[in-house]
Structure formats: C-alpha cells, structure tokens
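Below, all heavy atoms of this structure are taken into account, side chains as well, without hydrogens, waters or symmetry copies. Throughout, a chain's letter reflects where its sequence line sits, starting with A, and its residues are numbered from 1.
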Number of protein chains: 2
Amino acid sequence: MEVVSLSHSVVGRQRRTPKKRKGNSETPGLTKEAVIEAALKLIDTTDLESFSMRNLAKELGVYPTAIYWHVPSRNAVITEMISRVLGGIVPEEQDDWKEWLKQLFRNYRQAIRVHPNVAPLIGVQLVSNASVDLDMIESILRTLSKAGFADDDLLAVFNAVIATMVGFTTQEFSMVPKEEADDWAAAMQNVVASVDDTRHPILARNAGNFANKAFILRWQNGAFSPLDSGFETFIQAVVDGLEVRLSQ
Amino acid sequence: MEVVSLSHSVVGRQRRTPKKRKGNSETPGLTKEAVIEAALKLIDTTDLESFSMRNLAKELGVYPTAIYWHVPSRNAVITEMISRVLGGIVPEEQDDWKEWLKQLFRNYRQAIRVHPNVAPLIGVQLVSNASVDLDMIESILRTLSKAGFADDDLLAVFNAVIATMVGFTTQEFSMVPKEEADDWAAAMQNVVASVDDTRHPILARNAGNFANKAFILRWQNGAFSPLDSGFETFIQAVVDGLEVRLSQ
DNA sequence: ACCTGAACACCGTTCAAGT
DNA sequence: ACCTGAACACCGTTCAAGT
C-alpha cells in the first residue's frame with residue numbers, strides 16, 4: 001500500500017528527524033509509534049472529548065511538550081491514527097464489481113468498529129485525507145472501470161462510492177455527549193414513547209421498533225446499538241442503483 | 001413543524017426562564033434569538049474553529065458569561081442553530097416517491113450550502129438530534145410506506161435514507177484546516193500532479209479531472225468546490241437501488 | 001432580571017533550559 | 001538527541017457580586 005503522507009508539509013513541521021534507536025534493548029524512551037499507539041489506546045478507552053495532547057502525555061508519563069519532539073501536531077497524530085485504522089480495508093480483486101464494492105464498504109465499517117471513536121474525525125475533517133492511500137483509489141477506479149464507468153462518470157461515481165463508504169458509518173458512530181448521556185437517553189426515550197399517534201401515526205406504530213435503532217431516534221451510537229440491517233440495505237441500494245445507471 | 005426540543009433536559013439547564021420583553025421599543029438587551037443569530041453569523045463569516053462562546057460574546061459585545069443567562073450551554077446553541085438551518089427542508093407531498101426523496105436530499109444540501117460550516121456538527125454529533133423534527137420523520141415514513149416498504153424494511157430503509165441525506169453533504173463540506181490551508185493545498189496539488197502512471201495508471205489518466213473535485217484528492221471543501229455531479233449520481237443511485245429492492 | 005467580573009479546570013503549541 | 005518546565009493565548013462553565 002502506497003500511502004503518501006502530507007504530514008511534513010501540511011500538518012506541521014518536525015524540528016528534526018529523530019534518530020532511530022539502536023537494536024539493543026535499552027530503555028525505550030518515546031517513539032512516534034508509541035505515541036500513535038497510546039493515542040489509539042486513549043481514544044478507545046475514553047472518548048473523543050478526552051483525547052487531548054495533555055491526556056496523551058499523561059498516558060505516556062511524560063510532559064505534554066515531549067510529544068512534540070516525535071510528532072509535529074495534534075492533526076498529525078490524528079492523520080497517523082486514521083491511516084493505521086484504515087490500513088488493509090481494500091478487498092482482494094474479484095470479478096463481481098458489486099460484491100467488491102460491498103466488501104470494501106463492509107471492511108471500512110469493520111475497521112471503524114474496532115476504533116469507533118475515531119469515526120467522527122474521518123468524515124468531518126479534510127485533514128483526514130492527509131495520508132492519501134493512492135492504492136485504494138486506484139483499486140476503486142480499476143473496479144469501476146471494469147464495471148463500465150468512464151470519463152466524467154468515473155469521477156461522479158467515485159465520489160458516490162467514497163460517500164457511501166464513509167457516510168453511513170460516520171453517522172452510525174457519531175459522538176455521544178459525555179456528561180449528559182444519561183439525561184439525554186431518558187429524554188429521547190420519552191420522546192419516542194410519547195409520539196402522538198394522530199399527528200404521527202406511522203411513527204407511533206413503529207416507535208418500538210425504531211427506538212434506539214433509527215437515526216435521529218437513538219440515544220446511543222453504533223458501538224452499543226449497531227445498525228446492521230440499515231447498513232446492508234444502504235450499500236445494496238447503492239450498488240444496485242449504480243448497476244441501473246450502467247444499463248442506461 | 002413540530003420540533004421537540006430536548007434542550008432543557010439534555011443540553012443543560014437554564015437557571016430561570018428569562019422574562020419576555022414588553023412590546024415597546026426599549027434597548028433590546030440580549031435575547032436567545034439574538035444569541036443564535038449571532039452564532040450563525042459568526043460561524044458563517046469565520047469557521048468552525050473560531051466558533052467559541054468567547055468569540056460569540058465578543059461579537060455580541062458582552063461578557064462570555066452573559067450568554068449563559070439566555071442559553072444553557074454551547075451544545076444548546078449548536079442544537080438551535082441546526083434546527084434553524086434545517087427548518088423547512090421537507091418537500092411538498094408528491095406522487096412520485098423517488099422524486100420526493102431526491103427533493104428532500106437536494107433541499108438538505110441547499111440548506112447546508114447557505115451555512116456550510118454547520119455541516120460538520122450535524123453528521124458527527126448525536127446531540128444534533130436534540131431537536132427532533134417528528135414531522136420530517138413522519139413525512140419520510142409516509143413516503144416510504146406509500147412506496148411499499150413495511151415492517152422491518154421500513155426501519156432499514158429509513159436509516160438508509162437518513163444516511164443518504166446527511167452523509168454526502170457532511171463530507172462535501174468537511175472542515176478545512178485553517179492555519180495550514182495554503183501549505184496543504186500545495187502539497188495535495190503536488191500529490192495529484194505527480195501520480196505514477198505505472199503504479200496508478202487509471203488515476204494518472206484522470207488526475208486532471210479529479211484534482212480538487214474528488215473526495216480524498218481535493219484541498220477545498222464544497223463551499224469552494226461543489227461536487228454537484230457526484231451528489232446527483234449518488235442520490236439517483238440510492239433511489240434506483242431502493243426501487244430494485246421493492247421489485248424483489 | 002440580567003449583566004459583570006473573577007475564577008476553575010482545561011486546551012494546543014512555542015521556546016528556552018536542562019541533561 | 002530528547003526531555004523538562006515555564007509560558008502564551010486560548011477554551012466552556014460556575015458562581016458571587018453588582019445594578
């Protein structure tokens with residue numbers, strides 16, 4: 001996988017490239033790898049709000065400013081985390097382009113499920129593209145080309161594919177307010193339970209089924225209440241719809 | 001439009017309900033409406049990073065803490081802004097359910113285009129649901145029911161619809177790093193310009209077309225580089241795919 | 001009722017100083 | 001080379017005090 005990192009020119013500049021450690025088993029000190037690893041551990045065990053450079057330093061047992069020797073900025077840490085989380089989601093080549101795409105979408109979602117709190121960072125920050133995986137892009141383009149999309153269509157369909165891959169999962173694992181989580185859950189449950197069946201009859205009829213399992217009407221995110229059937233329905237619709245487009 | 005606000009129970013508690021002003025033209029003072037309006041103006045003219053309670057206070061010419069008399073928390077401001085931005089996106093009823101859905105998606109995107117910096121807040125924070133628009137939900141469910149979706153399918157398709165509505169646009173208008181925007185644009189342009197055409201031939205062939213117009217390979221967001229064709233392709237594919245599902 | 005003003009517990013990041 | 005430590009310019013929010 002060729003990942004072109006823009007970290008140096010983009011997310012901040014490192015003062016010097018730290019010297020690589022010798023192979024012998026000295027005290028490890030701090031390394032970039034250790035920083036990223038600790039960052040992932042921190043974001044996994046707490047949440048996105050608690051993910052700060054200062055808490056990261058606490059986790060590592062160093063002063064906050066020590067981190068900046070190994071990593072140029074907070075955005076760089078985020079970039080590195082993302083490319084680590086999303087590494088290896090590109091499926092094996094396959095004849096059926098629809099199946100290949102669905103597998104890509106599922107692999108993305110599975111990768112996020114392992115580190116759900118990272119999800120909000122990807123869909124929402126253009127910086128998340130700072131480490132561009134050209135191999136992934138080429139694989140998608142190859143699949144779409146084989147399927148029959150070309151020229152201007154290739155761009156439009158590519159954008160549709162990326163939106164499909166990222167969009168559902170980003171929302172599924174969106175941030176839950178930390179402090180007021182309990183109050184909020186209670187309030188939302190109350191809303192769902194007391195839907196007026198003359199004003200909103202269809203919703204009232206389906207309220208039990210929708211509670212905490214529908215976007216907008218849930219009080220937990222995908223880490224606790226996964227939206228499997230919605231996801232499968234969504235990606236199936238997209239690939240079916242793209243097939244319809246091909247036949248026109 | 002019945003918007004159920006969870007602000008009181010969820011996003012913080014107000015100390016007292018401020019008394020409504022009399023009709024005569026006294027000095028206006030501060031009101032909740034003025035706070036939300038200034039918040040939108042601030043987020044529109046600057047960006048999401050600059051949107052802080054303290055900057056909001058500066059904009060209003062008051063001390064930061066004065067805001068808290070009218071609004072319980074930052075999350076409440078966000079909630080109010082979102083429901084203001086997304087007010088009135090539900091289309092008129094219509095026979096063709098596919099057209100109705102597409103119109104909903106387009107209305108959502110148009111609403112976001114007026115206040116692009118609000119976009120990241122919606123897709124990514126569960127708090128964004130704090131003001132639940134039950135009328136919108138019922139309208140979607142009515143349309144889907146008329147189309148023929150029922151029972152468990154209704155939930156899955158509803159989730160697919162919300163993901164479609166929010167997902168593409170959230171990414172299209174994702175946050176651009178403020179400080180290093182120029183450096184980053186240059187670096188990304190360089191990546192796109194120097195794609196190796198033996199390793200990534202299809203991308204190399206399409207690089208000119210993809211530069212700043214494809215997800216992952218752009219350095220500006222939808223406010224400067226809108227992805228119209230991708231969006232239309234995406235929503236058309238979704239509704240076509242849902243129609244395929246109906247016919248099975 | 002509504003605002004000021006001080007204060008608390010946080011941020012990311014820079015830079016000089018140590019070893 | 002790599003870390004400490006102080007410092008800067010920020011945050012959201014609470015609470016007492018003013019008017």
[X] has an atom [atom1]; how far is it from atom [atom2] of [N], in whole Å?
X      : N       : atom1 : atom2 : answer
K58(B) : dG12(D) : NZ    : P     : 11 Å
K32(A) : dC2(D)  : NZ    : P     : 14 Å
R74(A) : dC10(D) : CZ    : C1'   : 14 Å
E49(B) : dC11(C) : CD    : P     : 17 Å
W69(A) : dG5(D)  : CH2   : C1'   : 16 Å

Start at the 5' end of DNA chain D and walk down; is the nucleotide closest to I67(A) or to M53(B) reached first?
I67(A)
If you assign each of G61(A) and P64(B) to its closest nucleotide in DNA chain D, which residue comes earlier from the 5' end?
G61(A)
Taking only N and O in the side chain of [X], is any of them less than 4.0 Å away from OP1 or OP2 of [N]?
X      : N       : value
N75(B) : dG12(D) : no
H70(B) : dA1(C)  : no
N55(A) : dC10(C) : no

Look at the side chain of [X] and decide which nucleotide, out of [options], has an atom nearest to it.
X      : options                  : value
V62(A) : dT14(C), dC3(C), dT4(D)  : dT4(D)
A66(B) : dT13(D), dC3(C), dG12(C) : dC3(C)
S73(A) : dA1(D), dC2(C), dT13(C)  : dT13(C)

When the ring planes of F210(B) and F158(A) are compared, do they come out parallel, tilted or perpendicular, using 30° and 60° as the limits?
tilted
Can you tell me how far apart [atom1] ([X]) and [atom2] ([Y]) are? Round to the nearest 0.5 Å.
X       : Y       : atom1 : atom2 : result
W219(B) : S225(B) : CH2   : OG    : 8.0 Å
E59(A)  : F51(A)  : CD    : CZ    : 11.0 Å
R74(A)  : M53(A)  : CZ    : CE    : 8.0 Å

I'd like a list of close polar pairs between nucleotides 6-9 of chain C and the protein, N/O only, cut-off under 3.5 Å.
none

Let me see the working for I137(A) and H200(B) under side chain to side chain contact (heavy atoms under 4.5 Å, CB included), right down to the final yes or no.
CA-CA 9 Å; I137(A) 295 176; H200(B) 307 112; over 6 Å; no
Measuring only between side-chain heavy atoms, which start at C-beta, is R109(B) closer than 4.5 Å to D228(B)?
yes
Stepwise side chain to side chain contact (heavy atoms under 4.5 Å, CB included) check, V118(B) with L40(B):
CA-CA 8 Å; V118(B) 177; L40(B) 266 174; 4.1 Å; yes
Out of F215(B), F105(B), Y108(B), which residue meets the ring pair (Phe, Tyr, Trp, His ring centres under 6.0 Å) rule with F168(B)?
F215(B)
Watson-Crick and G-U pairing of DNA chain D, under 3.5 Å, as dot-bracket with | and [ ]:
||.|||||...|||||.||
Does the side chain of N221(B) come under 3.5 Å of the side chain of E172(B) through a donor N or O and an acceptor N or O?
no
